[in-house]
Enquirer: 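Provided herewith is a single structure, encoded as structure tokens, for subsequent inquiry.
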Amino acid sequence: VQLQASGGGLVQAGGSLRLSCVASRGTFSRYHMGWFRQTPGKEREFVAGVTWSGGTTQYGDSVKGRFTMSRDNAKNTVYLQMNNLKPEDTALYYCAADQRAGWIVTTPTWDAWGQGTLVTVSS
């Protein structure tokens, strides 16, 4: 599967952005989908994940209550709605896909990755 993320940009603290990730060359509905983020010198951090069916979502502690992830299997697309953004949310955000069954894995060991989209939150 190939992943193309978009929607990053510059926003003031307290603002909102919506990231999108379109998948191609694979059976999208077979993959758990997720978002990770990374800043220079730090490990890639789990942000959110959704199971292949869309029935279960999971969030990193730092974004719970502010970010919402969803998927549209008919459009091969996942979304990350980010509200009440904070300067510490500034990072390169990566879309990822995982074919492993069961729970959403929160370590960055997923099968496929997009190119990343930059989110910058100014104070």
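Please read all numbers here as calculations on a predicted model, not as lab measurements.
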Enquirer: What's the spacing between Thr27 OG1 and Gln99 CD if we round to 0.5 Å?
Expert: 8.0 Å
Enquirer: Does Arg100, at its CZ atom, have more than 12 non-hydrogen atoms belonging to other residues, nucleotides or ligands within less than 6.0 Å?
Expert: yes
Enquirer: Determine the sole option in Glu43, Glu45, Glu88 for which the salt bridge (charged side-chain N to carboxylate O under 4.0 Å, His left out) test with Arg37 is passed.
Expert: Glu45
Enquirer: Does Met33 reach the side chain of Leu3, with side-chain heavy atoms less than 4.5 Å apart?
Expert: yes
Enquirer: Do Leu19 and Val50 belong together in a cluster built from hydrophobic side chains that touch within less than 4.5 Å?
Expert: yes
Enquirer: Could you report the tightest heavy-atom contact between Gln81 and Ser16, atom names first, then the distance?
Expert: NE2-CB, 3.9 Å
Enquirer: Tell me, please, which residues at least two apart from Thr107 pass side-chain contact (heavy atoms from CB on, under 4.5 Å).
Expert: Val105, Thr109
Enquirer: Honestly curious: do Val47 and Tyr94 fall in one hydrophobic cluster under the side-chain, below-4.5 Å linking rule?
Expert: no
Enquirer: Output yes when a side-chain donor or acceptor of Thr51 lies under 3.5 Å from a complementary backbone atom of Thr56, and no otherwise.
Expert: yes
Enquirer: Any chain of hydrophobic side-chain contacts (each under 4.5 Å) joining Met69 to Val1?
Expert: yes
Enquirer: Out of curiosity, does Leu80 fall in the hydrophobic cluster containing Phe36 (side-chain heavy atoms, cut-off under 4.5 Å, transitive links)?
Expert: no
Enquirer: Please set out all donor-acceptor pairs under 3.5 angstrom arising from side-chain atoms of residues 114-123, sequence neighbours excluded.
Expert:
residue, atom, partner, partner atom, Å
Gln115, OE1, Ala5, N, 3.3
Gln115, NE2, Ala5, O, 2.9
Thr117, OG1, Gly8, N, 3.0

Enquirer: Under the side-chain contact (heavy atoms from CB on, under 4.5 Å) rule, collect the residues that match up with Ser70, sequence neighbours excluded.
Expert: Tyr79
Enquirer: Give the ring-plane orientation class for Trp110 versus Phe46, where under 30° counts as parallel, over 60° as perpendicular and anything between as tilted.
Expert: tilted
Enquirer: Using side-chain contact (heavy atoms from CB on, under 4.5 Å) as the criterion, list what pairs up with Gln2, not counting sequence neighbours.
Expert: Ser24, Arg25
Enquirer: Do Phe67 and Val11 share a hydrophobic cluster (ILVMFWY, side-chain heavy atoms under 4.5 Å, transitive)?
Expert: yes
Enquirer: At their closest point, which heavy atom of Ser20 faces which heavy atom of Thr77, and how far apart are they?
Expert: CB-CG2, 4.5 Å
Enquirer: Any side-chain heavy atom of Trp113 within less than 4.5 Å of one from Cys95?
Expert: no
Enquirer: Nearest 0.5 Å, please: how far is OG1 in Thr57 from CD1 in Ile104?
Expert: 7.0 Å
Enquirer: With Lys64, which residues qualify under side-chain contact (heavy atoms from CB on, under 4.5 Å), at least two apart?
Expert: Tyr59, Asp61
Enquirer: With sequence neighbours excluded, what pairs up with Gln38 under the side-chain hydrogen bond (donor to acceptor under 3.5 Å, both in side chains) test?
Expert: Arg44
Enquirer: Among Asn84, Asn83, Asp89, which residue meets the side chain to side chain donor-acceptor pair (under 3.5 Å) test with Arg66?
Expert: Asp89
Enquirer: Can you name the nearest heavy-atom pair linking Phe28 to Val78, along with the distance?
Expert: CZ-CG1, 3.7 Å
Enquirer: For the atom pair OG (Ser53) and CZ (Arg30), what is the distance rounded to the nearest 0.5 Å?
Expert: 15.0 Å
Enquirer: Counting distance only, does the side-chain N/O of Asn73 pair as donor-acceptor with the main-chain N or O of Trp52 below 3.5 Å?
Expert: yes
